Amino acid sequence: MPEPFLSIQYVRKSFGATTVVQDFNLDVEAGEFISFLGPSGCGKTTVLRMVAGFEEPSGGRIVIGGKDVTGLKPNQRNIGMVFQAYALFPNLTVAQNIGFGLKVAGVARAEIDSRVAEMLDIIKLPAGEFGARYPYQLSGGQQQRVALARALAPRPKVLLLDEPLSALDAKVRVSLREEIRSIQKKLGITTIFVTHDQEEALSISDRIVVMYGGKAEQVGTAFEIYNRPATRFVAGFVGTLNVLEGRLGNAGKVQVGSGEIALREEPAGGRSGDTVSLALRPEAIALGRRDGDDAVLPGEIADVHFLGSVIRVRVRAGDSIVSLDTFNNPATPPPRIGDKVEISFSSGDVMLLN
Ligand code: ATP
């Protein structure tokens with residue numbers, strides 16, 4: 001990786017006796033879009049607030065553009081921030097909100113006007129229609145776009161977004177996240193986006209930091225995080241994961257219910273008789289015997305959910321229930337609860353959970 005633009009090094013944060021962020025390390029390249037993904041309370045916002053300068057780290061340092069900013073105030077760091085609550089100034093118009101930071105910085109009037117016009121153009125709110133409106137005259141999505149424009153107007157080097165979409169309804173959320181990503185790419189601004197919504201993180205990020213208990217569990221692209229989860233937490237938190245409980249036999253064989261799976265590799269340190277957990281994504285499993293699959297288990301249909309183009313089927317295999325998807329075929333009726341079936345998969349797709 002080239003010289004990182006933003007570097008978070010061994011950052012810790014304690015509130016009183018409680019440590020909420022521990023040894024957090026991350027290097028972000030210039031222009032990269034990073035998401036912090038994790039459950040409520042895992043420390044996402046705290047790390048973001050330390051990068052912004054609203055919270056002082058208990059240890060470690062933060063470097064932006066080659067400069068140690070750990071001791072600097074937020075307004076000395078050249079960052080723009082958007083919060084979950086719209087946080088616009090209610091008594092200022094859209095144009096005044098967007099120009100606020102520039103005015104505080106003493107930028108000349110004409111320059112403010114042209115920068116505000118440029119920002120309104122970027123967020124696709126026509127100046128003539130929206131510039132003179134007050135925040136209460138805007139929808140939630142429009143307010144968040146103005147908040148984004150306000151954060152970007154001073155041309156910060158880093159953009160920090162703290163769950164900016166979580167107060168919006170589902171449809172606006174999806175369209176605005178695409179818009180944020182396209183604006184970010186166009187401006188090439190280094191960005192950290194905090195979310196607890198995995199689909200959001202998977203769909204728009206260059207890389208994702210999955211956080212749990214104040215630590216970075218894994219840093220990687222959506223593809224890596226989903227297909228090669230580094231820990232059991234990541235495997236379970238991102239996407240749907242089927243876990244098959246089995247008993248280890250000899251030579252990497254695992255007994256699951258009345259069936260048997262031959263693992264590609266014997267689990268390190270595993271002994272015959274040990275209980276093992278095998279994990280599989282729904283898309284790795286087929287209903288029936290699929291050509292090329294080397295693992296076949298008997299089961300029984302436990303549940304069928306017709307979702308439209310796909311049918312999500314849950315199959316009981318031994319003591320485990322696995323979810324898989326089949327495509328809807330109008331010529332064939334869907335499986336029924338209680339049907340005796342087989343499921344198949346490739347043992348190469350099995351992830352062994354410790
Ligand atoms: P959410 O998705 O719910 O916003 P988060 O991952 O952003 O969660 P943080 O807001 O970073 O989590 O909080 C991490 C932990 O730190 C939580 O347990 C929280 O209660 C605690 N915490 C945050 N700020 C303070 C504070 N000022 N004083 C004491 N504890 C705090």
Side-chain angles (χ1 to χ4, degrees), residues 6-26 28 32-62 64 69-74 77 79-88 140 143-144 147-148 151 158-170 172-174 176-177 180-181 190-205 207-220 222 225 229-239:
L6 166 65
S7 183
I8 305 173
Q9 301 169 2
Y10 298 97
V11 160
R12 279 188 300 114
K13 181 68 189 176
S14 304
F15 292 107
T18 316
T19 299
V20 299
V21 174
Q22 14 189 341
D23 283 344
F24 190 94
N25 287 294
L26 179 69
V28 183
E32 221 183 344
F33 191 112
I34 297 280
S35 289
F36 289 175
L37 173 67
S40 182
C42 70
K44 309 180 291 291
T45 297
T46 303
V47 175
L48 199 76
R49 287 172 59 80
M50 288 192 282
V51 175
F54 296 127
E55 209 75 74
E56 198 187 329
S58 312
R61 59 181 214 141
I62 294 164
I64 298 176
V69 300
T70 320
L72 297 186
K73 294 198 164 50
R77 294 187 181 203
I79 50 120
M81 185 143 175
V82 178
F83 302 89
Q84 174 179 348
Y86 312 126
L88 295 176
Q143 289 188 50
Q144 268 320 49
L148 179 66
V158 176
L159 178 64
L160 304 175
L161 306 162
D162 191 3
E163 307 229 17
L165 306 174
S166 58
L168 305 172
D169 71 58
V172 178
R173 220 156 62 203
V174 172
L176 194 51
R177 83 179 182 214
I180 288 176
R181 177 58 159 151
T190 309
T191 300
I192 302 180
F193 178 91
V194 163
T195 181
H196 57 256
D197 181 327
Q198 47 157 310
E199 190 200 312
E200 218 161 83
L202 292 173
S203 65
I204 59 173
S205 318
R207 285 187 303 152
I208 299 165
V209 180
V210 182
M211 290 183 64
Y212 181 60
K215 284 189 183 155
E217 288 267 312
Q218 187 171 6
V219 183
I225 298 267
T231 66
R232 190 173 186 147
F233 173 78
V234 176
F237 187 72
V238 180

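Scope of the values below: all heavy atoms of this structure, side chains included, with no hydrogens, waters or symmetry mates. All of these numbers come straight from a predicted model, not from anything done at the bench. All ligand and atom numbering here is 1-based and tracks the order in the structure.
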**For M211, the option from V47, V234, T46 that meets side chain to side chain contact (heavy atoms under 4.5 Å, CB included)** = V47
**Message:** If I take atom OG1 from residue T19 and atom NZ from residue K13, how far apart are they, to the nearest 0.5 angstrom?
**Reply:** 10.5 Å
**F193/F33 aromatic ring centres below 6.0 Å** = yes
**Request:** Check whether any protein heavy atom sits under 4.0 Å from atom 16 (O) of ligand 1.
**Result:** yes
**Message:** Only heavy atoms of V20, strictly under 4.0 Å: list the atoms of ligand 1 that pass.
**Reply:** 15 (C), 16 (O), 21 (C)
**Prompt:** To which protein heavy atom is atom 3 (O) of ligand 1 closest, and what is the distance rounded to 0.1 Å?
**Reply:** S40 OG, 2.6 Å
**Item:** Atoms of ligand 1, numbered as shown, that sit under 4.0 Å from any heavy atom of T46
**Value:** 9 (P), 11 (O), 13 (O), 14 (C)
**Complete:** NZ of K44 to OG1 of T195, rounded to nearest 0.5 Å, is 8.0 Å
**Complete:** When distances are taken from atom 30 (N) of ligand 1, the protein heavy atom at minimum range is F15 CD1, 3.3 Å
**Request:** Hey, could you give me the CD/CG distance between Q218 and L37, rounded to the nearest 0.5 Å?
**Result:** 11.0 Å
**Message:** Would you call the rings of F54 and F83 parallel, tilted or perpendicular, taking 30° and 60° as the class edges?
**Reply:** tilted
**Prompt:** What do you think, any protein heavy atom under 4.0 angstrom from atom 19 (C) of ligand 1?
**Reply:** no
**Asked** Going through the checks in order, is the side-chain hydrogen bond (donor to acceptor under 3.5 Å, both in side chains) test met by E217 and T231?
**Response** CA-CA 7 Å; E217 288 267 312; T231 66; 2.6 Å; yes
**Fill in**
If you scan protein heavy atoms around atom 10 (O) of ligand 1, the nearest is T45 CB, 3.6 Å
**Fill in**
Candidates S166, G41, G214, S14; heavy atom nearest atom 1 (P) of ligand 1 found on G41
**Prompt:** Considering only heavy atoms of E163, which atoms of ligand 1 have at least one such atom less than 4.0 Å away?
**Reply:** 2 (O)
**Request:** Among all protein heavy atoms, pick out the one at the shortest distance from atom 2 (O) of ligand 1; state its residue, atom name and that distance to 0.1 Å.
**Result:** K44 NZ, 2.9 Å
**Message:** Within the 4.0 Å heavy-atom shell around P39, which atoms of ligand 1 are there?
**Reply:** 6 (O)
**Message:** Checking the N or O distance criterion of under 3.5 Å, is ligand 1 in contact with H196?
**Reply:** no
**Asked** Is the closest heavy-atom distance from G38 to ligand 1 below 4.0 Å?
**Response** no
**Asked** Can you list the steps and then say if V11 with R61 is a side-chain contact (heavy atoms from CB on, under 4.5 Å)?
**Response** CA-CA 6 Å; V11 160; R61 59 181 214 141; 5.9 Å; no
**Request:** Kindly compute the distance separating CD1 (I34) from OG1 (T190), expressed to the nearest 0.5 Å.
**Result:** 9.5 Å
